[in-house]
Structures are given as structure tokens and as C-alpha cells.
Amino acid sequence: MGGLMQKKIALLGSTGSIGLQTLQVVDMFPEQFKVAAITSGGNRVDLLEKQITKYNPQVVSVTNEECAKKIKGKFASRQIKILSGLEGVVEAAVMKGVDIVVAAISGAAGLVPTLAAIKSGKDIALANKETLVAAGGLVMEEVRKNGVNLLPVDSEHSAVFQCFAPEHAGTVASIVLTASGGPFRGYSLDALKNVTPEEAIKHPNWSMGSKISIDSATLMNKGLEVIEAHWLFGIDYSRIEVVVHPQSIIHSMVRYGDGSILAHLGYPDMRIPIQFALTYPERWVNTLEQLDFAQIGTLTFEKPDLQKFPSLELAYCAGEEGGIMPAILNAANEAAVEMFLKGQIKFLQIPRLVETALAKSKQITNPSLEDILEADKVIRMEIKNVYGKGLIN
Ligand code: NAD
Ligand code: MG
């Protein structure tokens with residue numbers, strides 16, 4: 001560790017949960033990392049200003065124009081390029097001299113900048129799973145063409161990545177993704193009917209952005225992760241298992257044909273997978289607390305309840321169907337989650353809207369980026385304007 005070279009990072013989504021924890025990892029190794037660019041949607045301008053002051057990046061991009069103007073005024077005396085709009089995020093993602101791009105924007109909004117970064121030859125630390133869900137085929141093709149590393153930040157995929165021995169790839173029987181079960185594990189269907197966004201956001205083991213928190217409550221997050229695993233590890237859906245493990249200590253496993261199972265354990269702390277993605281292929285020593293087995297005592301496992309949490313099964317179906325369907329699943333889910341967060345629909349209507357969107361959509365095999373972006377736009381509109389109505393109450 002600590003060679004002469006500094007690793008230059010572009011951090012897309014710096015004001016989010018993953019963004020903040022990435023900066024905490026940077027703070028643990030200030031000599032080894034340099035934050036060259038940061039981008040934000042514009043939701044927490046005060047926080048972004050603090051980040052600019054502290055990390056002094058060369059490029060800052062704020063999607064929201066108004067916020068970008070405000071920032072420009074504040075930092076006029078500094079040599080910082082301040083950009084806005086989607087073009088601004090893309091410019092930060094392809095910035096010269098950057099070694100690795102942390103893709104930590106939430107939702108399909110991360111797709112275009114992440115693809116641009118791959119095409120410009122950057123390694124990617126990928127938190128933004130929606131990018132792989134919506135456009136896995138295209139993304140993986142560009143990863144191969146450009147010879148970049150696509151390093152998983154999602155804790156399950158980082159775990160699998162670390163347990164997946166390339167020399168034994170031929171004997172991998174399955175990937176076992178663990179799921180906490182979310183805040184409503186064990187609830188009855190009746191109890192699930194009236195859960196509120198506030199209750200859904202309170203995750204037992206992780207503190208995350210609001211969209212992924214709702215996804216964890218519906219189990220759609222695990223569904224998205226199944227599709228993410230399919231693309232990252234090139235494995236059939238029939239060989240991706242999901243097991244509920246409420247303690248979130250085993251982050252995922254790889255089952256081999258000889259009866260061996262390799263697991264990755266640790267406290268649920270996203271800084272661990274973030275750091276591994278940033279230092280790969282090296283593993284650096286940090287000062288995070290070490291796991292105390294005796295204190296944890298018991299690890300338990302159970303089957304996911306597909307009756308109460310149908311989103312997981314919807315994701316398997318969309319993944320198996322392939323083509324445009326995973327993009328439809330993702331867009332419908334994002335739109336439905338947004339409506340739930342605004343109090344416009346109830347919790348159990350989220351999977352119903354996703355199911356309706358999938359049933360009504362025409363398949364496109366081998367969709368282009370344009371097909372995917374168009375479907376994403378259309379489905380969001382339809383969920384809000386058509387399907388959403390009549391289902392309410
Ligand atoms: P978050 O909502 O906390 O942060 C999202 C970030 O993206 C913010 O900086 C926001 O300003 C920015 N952003 C949002 N919409 C944007 C847009 N349209 N254009 C540009 N920027 C935009 O989300 P998060 O919890 O940090 O999650 C980020 C990604 O990482 C998601 O894809 C999520 O699924 C994934 N992930 C998160 C966790 C976690 O523990 N938080 C774990 C695994 C994977
Ligand atoms: Mg995860």
C-alpha cells in the first residue's frame with residue numbers, strides 16, 4: 001500500500017449514502033486517493049459545498065441548474081469547473097486522468113454516465129445496480145470491448161466476487177445471495193397493507209437512500225441483485241439462490257460442485273466493499289472494527305416469502321425473459337416507489353404496478369440504448385398517469 005501513485009476518483013452521487021461512505025474511505029487513506037470530480041443531483045447543496053471545500057475537486061457537476069448556479073457563485077474564486085445537467089455528469093465521468101469512477105447515483109439515472117465512463121476506459125466501482133438491471137447486455141459488452149474492471153460495490157456481489165475463484169469457475173454450482181428480509185420480515189399480509197414510507201425506510205441493518213430502502217422492504221432490491229449477479233458473473237438464473245439471513249453477517253456465498261461453500265463475512269458496513277472496489281486487486285488494512293463471533297452468537301437462515309414479497313419473483317421472471325423486460329421492471333419499480341414515498345399508493349400496490357407494466361409491455365430482444373431509454377421514459381409516464389389511477393385505495 002501507499003506507492004507513489006495516487007488513485008484519482010470521480011464520485012458520481014457524492015451526497016448520497018454510498019457517496020458519503022466512499023468519502024469516509026478516502027478519509028482513511030488521504031495520501032492514496034484524490035477526489036478529482038464529484039457530482040450530485042442537487043438534493044443537499046449545503047453538504048455538497050462542504051465536500052467541495054474539503055476535497056477541492058477539479059470538476060463538480062450538479063444536475064439541477066439552479067443549484068449549479070448557486071455553487072458557481074460561491075466558488076467563483078477557485079479553479080473549479082462547475083457543470084450541470086446530464087452532460088455535466090457525463091463530463092465528470094469521462095474526465096481525463098481519472099482512474100476509477102464510483103457509480104453511486106440512485107436509479108436508472110446512473111446508466112448513461114456509467115456507460116460513458118466505461119467507453120472512456122475507466123474502471124468502475126459499481127453501486128448503481130439499476131444500470132446493470134436496465135442494460136446488462138450493453139454494459140457487459142462495453143466492459144469487454146474496453147477492457148475495464150467492473151468492480152461490485154453492492155455487498156452481496158462484492159462477497160461473491162471475493163469467493164468466486166476463476167480457476168474453479170467450471171465447478172460453481174450456484175451463487176447464494178443473502179437477504180436481510182427487510183423491516184417487514186414476518187409481517188402478515190394484513191399488516192403489510194398499511195405500512196407507511198417511514199416504517200419502510202427504517203432498515204434493521206443498513207442505513208441507505210430512500211429508494212433502495214423501499215426496495216429492501218419489498219424484496220425488489222434482492223430481485224435487482226439477482227439480475228445484477230446474472231450479468232456480473234455470467235451465471236444462469238436457475239443457479240442464483242436467495243436465502244434470508246436476518247443478521248446480515250454473511251454477505252453472500254458461492255456453492256461449488258464438490259460440496260464446498262465459500263462465504264464472505266463481516267459487519268454490515270458498506271465501507272468494506274467500497275474500499276475493496278477502490279483498492280482492487282490489493283486489500284488494504286484499515287481501522288474498522290473486527291467481527292466478534294461470540295457477540296453475534298447465532299446466524300439464522302430462512303426461505304424468502306414470495307407470497308408476501310412477490311417483487312423477488314417478478315425480477316426472476318423479467319430476468320429470465322431478458323431483452324427489454326428487466327428495464328421495464330426497473331422503470332416501473334422506480335416510478336411505483338416514488339409514488340409510494342409520496343403517499344400516492346400503498347405498499348402492496350408497488351409489485352402490482354410492476355407486474356401490470358411487465359404484462360402490458362412488448363418484448364424487444366437485444367434492445368439498443370435508445371430502446372432502453374425510451375422504454376424507461378414511457379413506463380414511468382404510464383405508471384404515473386394510467387396504471388396508478390384506479391389502483392389507489
Ligand atoms: P442516495 O439516494 O442516498 O444517493 C443518491 C445520489 O445520487 C445522491 O448524491 C443524489 O444527489 C444523486 N442523484 C439522484 N438522482 C440523480 C439524478 N437524476 N442525476 C444525478 N444524480 C442523481 O442513494 P444510495 O443509497 O447512496 O444508493 C446509490 C446507489 O447505490 C443505488 O443504485 C443503490 O441501489 C446502490 N446501493 C446502495 C447501498 C447502500 O447501502 N446505500 C448498498 C448497495 C447498493
Ligand atoms: Mg446489496
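Ligands are counted one by one from 1 in listed order, and the atoms in each one are counted from 1 as well.
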Quiz prompt | N, O or S atom within Asp154 nearest to the Mg ion (ligand 2), by name | solution = OD1

Exercise. Determine the interplanar angle of the Tyr237 and His230 rings, folded into 0 to 90°, and report it as parallel if under 30°, tilted if 30 to 60°, perpendicular if over 60°.
Key: parallel

Quiz item: Do the ring planes of His264 and His251 sit parallel (below 30°), tilted (30 to 60°) or perpendicular (above 60°)?
Solution: tilted

Self-check item: N/O/S atom name from Glu225 that is nearest to the position of the Mg ion (ligand 2)
Solution: OE2

Quiz item: Going by side-chain heavy atoms closer than 4.5 Å, which hydrophobic residues are tied to Val243, directly or by a chain of links?
Solution: Val176, Ile249, Ile250, Met253, Ile261, Leu265, Tyr267, Leu291, Phe293, Ile296, Leu299, Phe301

Quiz prompt | Passing candidate, side-chain hydrogen bond (donor to acceptor under 3.5 Å, both in side chains) with Ser180, options His245, Gln247, His203 | solution = His203

Quiz item: With respect to the Mg ion (ligand 2), what is the nearest N, O or S atom of Glu156?
Solution: OE1

Which protein N or O atoms sit under 3.5 Å from any N or O of ligand 1? Give atom names and distances.
{"unit_1": "ligand 1", "atom_1": "3 (O)", "unit_2": "Ser17", "atom_2": "N", "d": "2.9"}
{"unit_1": "ligand 1", "atom_1": "9 (O)", "unit_2": "Gly13", "atom_2": "O", "d": "3.3"}
{"unit_1": "ligand 1", "atom_1": "9 (O)", "unit_2": "Thr15", "atom_2": "N", "d": "3.2"}
{"unit_1": "ligand 1", "atom_1": "9 (O)", "unit_2": "Thr15", "atom_2": "OG1", "d": "2.7"}
{"unit_1": "ligand 1", "atom_1": "9 (O)", "unit_2": "Gly16", "atom_2": "N", "d": "3.1"}
{"unit_1": "ligand 1", "atom_1": "11 (O)", "unit_2": "Thr15", "atom_2": "OG1", "d": "3.3"}
{"unit_1": "ligand 1", "atom_1": "11 (O)", "unit_2": "Gly41", "atom_2": "N", "d": "2.7"}
{"unit_1": "ligand 1", "atom_1": "11 (O)", "unit_2": "Asn43", "atom_2": "OD1", "d": "2.8"}
{"unit_1": "ligand 1", "atom_1": "19 (N)", "unit_2": "Thr63", "atom_2": "OG1", "d": "3.4"}
{"unit_1": "ligand 1", "atom_1": "25 (O)", "unit_2": "Gly209", "atom_2": "N", "d": "2.8"}
{"unit_1": "ligand 1", "atom_1": "26 (O)", "unit_2": "Ser17", "atom_2": "N", "d": "3.1"}
{"unit_1": "ligand 1", "atom_1": "26 (O)", "unit_2": "Ile18", "atom_2": "N", "d": "2.9"}
{"unit_1": "ligand 1", "atom_1": "30 (O)", "unit_2": "Ala127", "atom_2": "O", "d": "3.4"}
{"unit_1": "ligand 1", "atom_1": "32 (O)", "unit_2": "Asn128", "atom_2": "ND2", "d": "3.4"}
{"unit_1": "ligand 1", "atom_1": "32 (O)", "unit_2": "Glu130", "atom_2": "OE1", "d": "2.6"}
{"unit_1": "ligand 1", "atom_1": "41 (N)", "unit_2": "Ser17", "atom_2": "OG", "d": "3.1"}

Quiz item: Would the Phe347 and Phe184 ring centres measure less than 6.0 Å apart?
Solution: yes

Self-check item: In one Ile/Leu/Val/Met/Phe/Trp/Tyr side-chain cluster, 4.5 Å: Met270, Leu288
Solution: yes

Quiz item: Below 4.0 angstrom, N of the basic side chain to O of the carboxylate: do Lys81 and Glu91 qualify?
Solution: yes

